[in-house]
Amino acid sequence: MKPKPKRVATKKILELLAEMYPDAHCELDFRNPFELLIATILSAQSTDRQVNIVTKGLFERYPQPENYIDLTEEELAKEIRGLGLYRNKSRNILQTCKILTSQYGGRVPESRAALEALPGVGRKTANVVLSNAFDVPALAVDTHVLRVSNRLALADSENPLEVEKQITRRVPRKEWTDTHHRIIWHGRRVCAARNPKCEVCDLLPYCWYGKNHMEPLTKSSHGK
DNA sequence: ATCCCGAGGG
DNA sequence: CCCTCTGGAT
């Protein structure tokens, strides 16, 4: 027997998120689909802040896929050394740029299948590019969305694809992209992985995790 | 399941 | 010190 799904005030949570973060948007710096693709590949296990520092110089020197294909892995790695996983990312970006140049005329393809076939591009990165560069509704599930949606009980899974299905099932298609950004903003500003600021969170009355997280604190501070 | 992996924060 | 950051490939 599966446990009964928790009853969640989905609509209320989504309304509050929209009020709390009316200007939520992608915080990676980019000027075109190619730059967004590279920035998103670079963003794995790295802060957007650090990615923006690295891409500022990178895109100045190498604005197009054609500018990368003659670089060695070591040369590109040196450009992105300020980021974690830089060797994998260097190899993947070089391969991706070669494919973009040889198969797509230096353009970023707009189909999910073509994007996910690029080295270093999985479902999350494809969703980010589709939604932010091509206005295709998509809900990318990254570390923030995974954590926050589970805490709010908007989802109940540690599997990103499963979480994506659960959230998109609850949210109108036109709201997918904005919802993605609002959840990320909330994850960064309030619902942090380590020290979530439940005490100042407007979602606390509707948050499954927050209620169970705050209680031990209030008990111990009262309890002696 | 494991590897990759620097910078920033607590 | 340890944990986390818009993951993906093997």
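We name chains A, B, ... by the order of the sequence lines, and we start the count at 1 in each one. Worth saying up front: this structure is predicted, and the values here are computed from it rather than measured.
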Quiz item: Quick one: CD on A:Gln95 to CD1 on A:Ile69, what's the gap to the nearest 0.5 Å?
Solution: 11.5 Å

Quiz item: Are A:His186 and A:Tyr21 close enough that their ring centers fall under 6.0 Å?
Solution: yes

Practice problem: Considering only atom C1', compute the distance from B:dC5 to C:dT4 and round it to an integer number of Å. | Solution: 13 Å

Practice problem: Describe the nucleic acid contact of A:Asn195 in one word from base, sugar-phosphate, nothing, applying a heavy-atom distance below 4.0 Å. | Solution: sugar-phosphate

Quiz item: Starting at the 5' end of DNA chain C and moving along, which residue's nearest nucleotide shows up first, A:Thr125 or A:Arg147?
Solution: A:Arg147

Quiz item: How far, in whole Å, is C:dT6 from B:dG10 if one measures between their P atoms?
Solution: 14 Å

Self-check item: First and last nucleotide of DNA chain C, 5' to 3', lying under 4.0 Å from heavy atoms of chain A
Solution: C:dC2 to C:dA9

Quiz prompt | Salt bridge present between A:Arg188 and A:Glu27 (N-O < 4.0 angstrom) | solution = yes

Self-check item: All pairs passing salt bridge (Lys or Arg N to Asp or Glu O under 4.0 Å) where residues 120-148 of chain A contributes a residue, at least two apart
Solution: A:Arg123-A:Glu164

Quiz item: Do A:Trp185 and A:His144 make the cut of ring centroids closer than 6.0 angstrom?
Solution: no

Practice problem: Have a look at A:Ile183 and say if it touches a base, only the backbone sugar-phosphate, or nothing, with a 4.0 Å heavy-atom cut-off. | Solution: nothing

Exercise. Could you tell me whether A:Val145 contacts a base, only the sugar-phosphate backbone, or nothing, with contacts defined as non-hydrogen atoms closer than 4.0 Å?
Key: nothing

Self-check item: Footprint string (nucleotides 4-9 of chain B, 5' to 3'): B base within contact, S backbone only, - free, heavy atoms under 4.0 Å
Solution: BBBSSB

Practice problem: Answer yes or no: is there a side-chain heavy-atom contact under 4.5 Å between A:Leu118 and A:Leu37? | Solution: yes

Quiz item: Using a cut-off of 4.0 Å on non-hydrogen atoms, how would the nucleic acid contact of A:Ala140 be classed: base, sugar-phosphate, or nothing?
Solution: nothing

Quiz item: What orientation do A:Phe59 and A:Phe34 show, parallel under 30°, tilted 30 to 60°, or perpendicular over 60°?
Solution: tilted

Self-check item: Heavy-atom side-chain proximity of A:Leu161 to A:Val141 below 4.5 angstrom
Solution: no

